[in-house]
Amino acid sequence: MEVPLSTHATFDSAAERHQMVALQIAARGIRDPRILEAFRAVPREAFLPVDLAEFTYQDTPLPIGDGQTISQPYIVALMTEALRLKPGDRVLEVGTGSGYAAAILSRVATQVFSVERIEALAYVARRRLERLGFSNVQVLHGDGSVGWLEHAPYDAITVAAGGPDVPETLLSQLAPGGRLVMPVGSTPRRQSLVRVTRRGSDQYDREDLEEVRFVPLIGVEGWGEPATERVHGARATPSRPAAVTKLIREEAEPIASIEGAELGPLLDRIGEARLVLLGEATHGTSEFYRMRARITQELIERRGFNIVAVEADWPDAARVDAYARNLPCPRSGARAFTRFPTWMWRNEEVKNFVEWLRKRNAAVKDPDLRTGFHGLDLYSLHASIQAVLEYLDRLDPEAARIARRRYGCLTPWESDPAAYGQAVTTGSYRSCEEPVVAMLKDLLAKRLDYMSSDGECFHDAVQNARLVASGEGYYRSMFYGSKQSWNLRDQHMFETLETVLSFRGPRAKAVVWEHNSHVGNAAATEMRARGEHNVGQLVRERHGNAAYLVGFGTDRGTVAAASEWGGPMEVKDVRPAHADSYEKLCHDTKTEAFLLHLREPSRKALRDELLSPRLERAIGVIYRPETELLSHYFQAILPLQFDEYVWFDVTSSIAPLDSESGRGMPDTYPFGL
Ligand code: SAM
């Protein structure tokens, strides 16, 4: 699925690249014309977070997230030239990072194999390289200090991180005559660039080339892991809880009441961020919904935010959107949010927010400035199919006929799409991937014809077609394990968010409402060890600090949740927080409710103390207090997961909507009470 590369590409990238080659690379003595041509061809901005676009062609390394960097262009050129590549060469790169150097190498060598130890970086780089068409690069997530045996031997090996010495295993993977270039030094941050050439089975020549500074090579044949990265190891024993609690108490900004809270300092910290992600520690706590609504209202009124994107299905949220913005689409009168767990969106708190949004939008003259309400999730396979068909029936009956045939592949599985996934996996039913992807492509190809009749309706139909394509893949992936399906779902949510942002234009700003487990950076939790990523992580990688991630937490009270999937909603008691958790530290401050700034708190010691991994609680649609430690706690590093934490010590269940509360609502009301 296509994600726009950069919405900020206002500069003349080709001209900047030519200038970079002339002033930073050729002027310093790099002569190989194939290398110079590669630097003129590869757009460095496509490998950077959007907020760094303006620095793209500066003569410097730049941050790419996870404490890592994209190397300075000259250094990439120097290392590439030092490899003495010949046509036909196969190259191993250790340290994919952004994928930029791999892209450069791919234009000089025949085949590039690149290994990255940080899963999220490897994932993003792989997708990015695919999307940009670098088809001769393969990316592996793993420890590159031991190479990539499967494709060895290599004509050349380049290591983009500094190790204490050249790894023996890498040498063994060099072909006769092969060259290895890497930074080597006795401290993790200062090295000398060395080239080793394999002369015979056990004979190597070694030359020192230049003094350099690289991030450390971390792995079996590199340096050990830094303490803050051991998130997924044995559960760490929390240190000095009383001192940490004191720091939290001193740094916390108390919230006297949700309605009356002074949010000016929070808005200042959010600053120019284009994305604000608001989490929740449960799917059924009134305070979380109300506080998110309050912050969102401020962002809409005072900071020009015009998108609210939530963890709900697209077609349901589209009905709310049509109500809130008075739009012509979708036209179907079906009720919204009738799928389990209904209480997540059919509740008084959401209703009040939607009413506020409708009133506010009605008072805004320019439709472009009205705030939309969108669903990011992908569980509405059949409602989305219906929506595409209804759209085409009105606009293009011939296309509707083709769509019916294509989507017909999924029709037998309407009531149980998970069974479809199983049937395909076991080979008892054909895959519907091809027809659903073809449908999406057809719709996109008719963008110009259809858009002219109504942009919003077309956008709605395309999103539904995207959802069908992702949903189809999601149900198939379920049988390959929870990691695959989790990642596919969060990838879909992230891409939907990006699409909505680009549809609303370069000045659009979005608030996202999802569970903490989706909006907090997964790389800072034990999800990372499971190979899972999430919306917060993908947003952080793409937008850097132009995204502000806010987590929510509580100690005890009541919550709306079920005991099992598909079960009825119950109001359950939340147990007081575990002794080794972040929640316990917050509870011990004896402050009823507060905001805690984590990105750059005035006391640096607070952030440092909180960097020790601790337990954190996640209550979802299901809450099982009896097995709480096993089923609801996970290991995290709070200040790397969130930029801000919102605390409510005692909380209460949301109020689900019933028919009583809906009396007198207009017919168009999306909750259809
Ligand atoms: N070549 C990259 C680019 O163009 O963006 C820059 C690489 S960055 C300077 C170094 C990278 O090496 C980081 O992404 C880091 O995570 C990775 N790294 C460190 N140790 C590694 C290991 N043992 N295996 C694979 N990658 C490693």
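Start at 1 with the first residue, then count along the sequence. Read the numbers this way: they start at 1 and go in the same order the structure lists the ligands and their atoms.
Nearest to atom 16 (O) of ligand 1 among the protein's heavy atoms is E116 OE2, 2.6 Å. For atom 8 (S) of ligand 1, the closest non-hydrogen atom on the protein side is T69 O, 3.1 Å. The closest protein non-hydrogen atom to atom 24 (N) of ligand 1 is G144 N, 2.7 Å. Looking at atom 13 (C) of ligand 1, its nearest protein heavy atom turns out to be Q68 OE1, 3.2 Å. Scanning all protein heavy atoms for the shortest distance to atom 20 (N) of ligand 1 gives I218 N, 2.9 Å. Remark: minimum distance from atom 19 (C) of ligand 1 to any protein heavy atom is reached at P216 O, 3.5 Å.
Across P73, S98, A101, heavy-atom proximity to atom 5 (O) of ligand 1 is greatest for S98. Proximity annotation for atom 9 (C) of ligand 1: of G219, P183, A160, A160 comes nearest, heavy atoms only. Of the listed residues (A103, P61, G99, G95), the one carrying the non-hydrogen atom nearest atom 12 (O) of ligand 1 is G95.
Residue E221 places no heavy atom under 4.0 Å from ligand 1. By the 4.0 Å heavy-atom criterion, S114 is excluded from the residues contacting ligand 1. Using a 4.0 angstrom heavy-atom cutoff, G222 does not count as in contact with ligand 1. Residue contact check for ligand 1: T96 places a non-hydrogen atom closer than 4.0 Å to it.
A salt bridge is defined here as a Lys NZ or Arg NE, NH1 or NH2 lying under 4.0 Å from an Asp or Glu carboxylate O, and R269 with E600 fails to meet this definition. With respect to R127 and E130, no salt bridge is recorded, no charged nitrogen being found less than 4.0 Å from a carboxylate O. Contact check on R489 versus D377 returns a salt bridge, with a Lys/Arg side-chain nitrogen under 4.0 Å from an Asp/Glu carboxylate oxygen. In summary, R179 and D89 engage in a salt bridge, as defined by a charged side-chain N under 4.0 Å from a carboxylate O.
Sorted by first and then second residue, the ring pair (Phe, Tyr, Trp, His ring centres under 6.0 Å) pairs involving residues 117-140 (not counting sequence neighbours) are Y123-H533.
Qualifying side-chain hydrogen bond (donor to acceptor under 3.5 Å, both in side chains) partners for D59, counting only residues two or more places apart in sequence or in other chains: R28, Q72.
In R117, the parts holding a heavy atom less than 4.0 Å from any atom of ligand 1 are both the side chain and the backbone. Residue contacts with ligand 1 for I70 involve both N, CA, C or O and side-chain atoms from C-beta outward (heavy atoms, distance under 4.0 Å).
Atom CD of Q19 sits in a sparse spot, with 12 or fewer heavy atoms from other residues, nucleotides or ligands closer than 6.0 Å.
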